Amino acid sequence: MGLREQVIPILGTVLLVATIWVSYQYSRKQGSSGRQLLSDGGEHAEPTVHREKPVGWIRWITTVDHKDIGILYGVYGTTAFVVGGLMVIVMRLELFDPEMSLISPAFYNSLLTSHGITMLFLFGTPILAAFSNYFVPLIIGADDMAFPRINAIAFWLLPPGALLIWAGFFPIQGIIPAQTAWTMYTPLSLGIESGSMQTNAGVDLMLLGLHLTGVSATMGAINFIVTIFTERAEEVTWANLDIFSWTILTQSGLILFAFPFLGSAMVMLLLDRNLGTAFYTGEGGAILWQHLFWFFGHPEVYILVLPPMGIVSYVLPRFSGRRLFGFKFVVYSTLAIGVLSFGVWAHHMFATGIDPRLRASFMAVSLAIAIPSAVKTFNWITTMWNGRIRLTTPMLFCIGFVSNFIIGGVTGIFLASIPIDLILHDTYYVVGHFHYIVMGAIGFAAFAGLYYWFPLVTGRMYQRRLGKWHFWLWMIGTNVTFFAMILLGYGGMPRRFASYLPQFATLHQITTVGSLFLLLGGGVWVYNFVISWFEGRKIDTHDPWNLEEDGLLTAEWHWLREQRQTKIADGGEKEGE
C-alpha cells in the first residue's frame with residue numbers, strides 16, 4: 001500500500017478513537033451526576049437534571065453552548081490568522097531581494113498556496129462564525145442555536161481540516177506541501193505530468209481538508225438560517241431584525257448555494273488524480289474547473305465581506321450617537337449583493353477567450369454589484385455626519401474599514417471593465433485590490449467587533465492605548481503595503497512570482513516594510529488581548545461604552561445586565577473565578 005493510501009486511514013482511525021474516548025468520558029461524567037442525585041435522596045435519577053457544565057478541558061471539547069463554541073471559533077481563527085500571517089512575512093522577506101536568497105522557489109510556492117487557503121478558509125469564515133455563534137442568539141433573543149449538537153460538529157470538523165491542509169509542512173516522509181496556489185487551477189493541480197510535484201499526496205490531503213471546511217460551513221449555514229427563522233423572540237420581527245443578523249442570514253444563503261459547487265469540483269479533481277477519471281483532463285477541462293471554482297469563488301468574497309459589513313453597520317452607529325441611517329436600504333442592498341454575487345463569476349475569466357457577448361453581460365453585472373456596496377458606504381458616512389463621534393478603538397477600526405473599502409471597491413470597478421482587466425489581469429494590481437478588501441476591510445471590521453465585544457465576553461477591558469497603537473500601525477501598514485502592490489501592477493509586475501526584474505525592487509521593498517508594520521501591529525494586538533483577558537480591569541457595569549446615554553443599548557448588553565444581576569442575587573462570584 002502506497003503512502004497516499006496509508007495516511008487517510010490512519011487519520012480516520014485517530015479521529016474515531018478520539019470521538020469514542022470523548023463520548024465515554026462525557027457519559028461517565030453524566031452518570032456520576034445522576035448517582036450524586038440519588039445519594040442526595042432525590043426521587044428522580046434523570047442525569048438531565050444536572051445542568052452544570054463540566055470543568056476544565058472536558059468542558060471545551062463537549063460543549064454545545066453557542067457562546068463556548070463562539071469562543072472556540074475565535075481561538076481557532078486567531079491561531080490560523082497568526083500562522084497565515086507568519087507565512088506571508090516569510091514571503092515578503094524573500095521578496096525584499098529580486099533574487100531568491102532566503103527560501104527556495106518550491107517553498108515559496110508552498111507558502112503562497114497555504115497562505116491564501118489559510119486566510120480565506122481557516123481564518124476568514126471561522127472568525128465570522130465566532131461572532132455569529134456568540135451574538136446572533138443573544139441579539140435575537142434565542143436560548144441557543146436551533147441545532148446545538150450540529151453547531152458543535154461544524155466546529156470540530158475544522159481542526160482536522162486544518163491539519164490536512166497543513167500536512168505537507170509536517171515532517172511526514174514522502175509528503176510535501178501543495179504548490180497549486182489557492183485557486184488550484186487545472187491542469188497544474190491534476191499532477192498528471194511525470195515527475196510533477198503536484199502528484200504528491202500533499203495536494204490530496206489539502207483537497208480533503210478543504211472539503212471538511214466546506215462541510216463545516218454548510219452545516220453552520222443551515223443552522224443559522226433555521227435559528228433566525230424559528231428561534232427569534234416574539235418581539236423580534238422581520239421589520240426590526242438587526243442588521244448583523246440580516247447579513248448572517250444572507251451569508252448563510254450564499255454558503256448554502258456556493259460551497260456545494262466547490263465540494264463537487266474538488267471531488268471530481270480527486271477522482272481525476274486518483275481514479276483515472278477525465279473530468280478536467282479532456283478538452284475544455286481547464287475552463288470547466290475555472291467556471292466551477294469561480295461560481296463558488298466570487299460569492300465567497302461576499303460570504304466573507306457581508307458579515308463585516310453587518311458588524312460595521314452595527315458598531316459604527318453606537319459611537320456616532322445616532323441610529324443607522326437608511327436601515328431598510330442597508331438591508332435591501334445586503335439582499336441585492338447576495339443575489340447579484342452569483343452573476344459575476346466569469347469576470348475572473350475575461351482573459352480566457354470566452355464569447356465577447358457573454359463577457360459583456362458579466363461586465364455589466366460586475367459593475368452593477370458596486371451599486372449596493374456604494375449604498376452601504378453612503379449610509380455609513382451619513383450616519384457619522386453631524387453625529388456625536390467618539391474615537392474609541394472599535395470606531396477607529398470602523399472608519400478604517402470604510403476608507404479601505406472605498407479604495408478596494410474603486411480599484412475593483414476598474415477590474416470589472418474588460419479592456420482594463422485584459423491589461424491588469426494576473427498582475428500585482430489584482431493582489432493589491434483583493435487585499436484592500438480582505439485585509440483592509442474585512443480584517444478591520446473583524447477587529448472592530450473584537451474590541452467592541454471584548455468587555456462582554458471577558459468581563460474585562462483591554463488596554464485602550466495599545467488598541468489605538470494597533471489601529472494606527474495597521475492603518476499605515478495596510479495602505480503602504482497594498483497601495484505599493486497596486487503601483488507594481490500598473491508597472492506590469494506579474495503576481496505569484498518569487499523573483500522579479502530589478503526595476504520593481506523599490507516598490508517590493510516598500511511593500512515588505514509595510515508588512516512589517518502589520519506584523520508589529522498584530523503582535524501588539526495579541527499581547528493586549530492575552531494580558532487583558534487574564535489581568536485587565538474588570539468592568540463594573542453592563543454598559544462599558546455608555547450607550548444608554550443615546551438610547552443605543554442593544555440586546556446583548558441587556559443580556560449582560562441580566563447575567564450580572566443574577567450573579568449579585570446568587571451572592572456574587574468569587575474573586576478570580
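One is the number of the first residue; the rest follow in order along the sequence. Computed from a prediction, not measured in an experiment: that's the story for all the values here.
Atom CZ of F483 is surrounded by 12 or fewer heavy atoms from other residues, nucleotides or ligands within 6.0 Å. For OH of Y185, the number of neighbouring non-hydrogen atoms (other residues, nucleotides, ligands) closer than 6.0 Å is greater than 12. Around atom CH2 of W60, more than 12 heavy atoms belonging to other residues, nucleotides or ligands sit under 6.0 Å away. For F517, the CZ atom is loosely surrounded, since the number of other residues' heavy atoms within 6.0 Å does not exceed 12. Atom CZ of F170 sits in a crowded spot, with more than 12 heavy atoms from other residues, nucleotides or ligands closer than 6.0 Å.
In this structure, the side chains of W156 and L72 come closer than 4.5 Å at one or more pairs of heavy atoms. Residues L424 and Y490 are in side-chain contact: their nearest non-hydrogen atoms beyond the backbone lie under 4.5 Å apart. Two residues are said to be in side-chain contact when any heavy atoms from C-beta on lie closer than 4.5 Å; L158 and L212 fail this criterion. At a threshold of 4.5 Å between non-hydrogen side-chain atoms, the residues I406 and T377 count as touching. At least one side-chain heavy atom of T125 sits under 4.5 Å from a side-chain heavy atom of E300. Side chains of V83 and W166 form a contact here, defined as non-hydrogen atoms less than 4.5 Å apart. At a threshold of 4.5 Å between non-hydrogen side-chain atoms, the residues F257 and F296 do not count as touching. Residues F444 and I399 form no side-chain contact, since every pair of their non-hydrogen atoms from C-beta on lies 4.5 Å or further apart.
At distances below 3.5 Å, not a single donor-acceptor pair connects side-chain atoms of N404 with backbone N or O atoms of Y436. Counting only distance, with no hydrogens or angles, the side chain of T118 and the backbone of H115 share no donor-acceptor pair below 3.5 Å. At distances below 3.5 Å, not a single donor-acceptor pair connects side-chain atoms of D421 with backbone N or O atoms of F350. For the pair T334 (side chain) and T247 (backbone), a donor-acceptor distance under 3.5 Å is absent. Remark: the backbone N or O of V524 is not paired with any side-chain donor or acceptor of N528 at under 3.5 angstrom. In this structure a side-chain-to-backbone donor-acceptor pair under 3.5 Å is present from S341 to G338. Without hydrogens or angle criteria, T481 side chain to S515 main chain gives a donor-acceptor distance under 3.5 Å. Checked by atom type and distance alone, the side chain of W289 pairs as donor or acceptor with a backbone atom of M184 at under 3.5 Å. Put simply, the side chain of S366 never gets that close to the backbone of A416: no donor and acceptor are under 3.5 Å apart.
Interatomic distance, L488 CG to M485 CE, rounded to the nearest 0.5 Å: 8.0 Å. Taking CG of L304 as the start and CE of M309 as the end, the distance is 11.5 Å to the nearest 0.5 Å. Taken from CD in Q198 to OG in S189, the straight-line distance is 8.0 Å, to the nearest 0.5 Å.
In this structure, W453 and F131 have tilted ring planes: the angle between them lies in the 30° to 60° band. Aromatic ring orientation, W474 versus F81: tilted (interplanar angle from 30° to 60°).
When ring centroids are compared, W533 and Y462 stay outside the 6.0 Å threshold. You'll find the ring centres of H347 and H298 inside the 6.0 Å limit. Less than 6.0 angstrom separates the ring centroid of F401 from the ring centroid of F405. Ring centers of F244 and F135: at least 6.0 Å apart, outside the cut-off. Centroid-to-centroid, the aromatic rings of Y500 and H508 come within less than 6.0 Å. Checked against a 6.0 Å centroid threshold, the rings of Y451 and F529 count as neighbours. With ring centers used as reference points, F447 lies under 6.0 Å from H470.
Shown are L254, V301, L128; of these, the side chain to side chain contact (heavy atoms under 4.5 Å, CB included) with L306 is made only by L254.
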Evaluation steps, side chain to side chain donor-acceptor pair (under 3.5 Å), between D272 and T281: CA-CA 8 Å; D272 276 9; T281 56; 4.8 Å; no

Derivation of the side chain to side chain donor-acceptor pair (under 3.5 Å) call for T113 and W182: CA-CA 5 Å; T113 301; W182 81 278; over 6 Å; no

Criterion side chain to side chain contact (heavy atoms under 4.5 Å, CB included) on T180 and M206, from CA distance to verdict: CA-CA 10 Å; T180 62; M206 179 189 72; 3.8 Å; yes

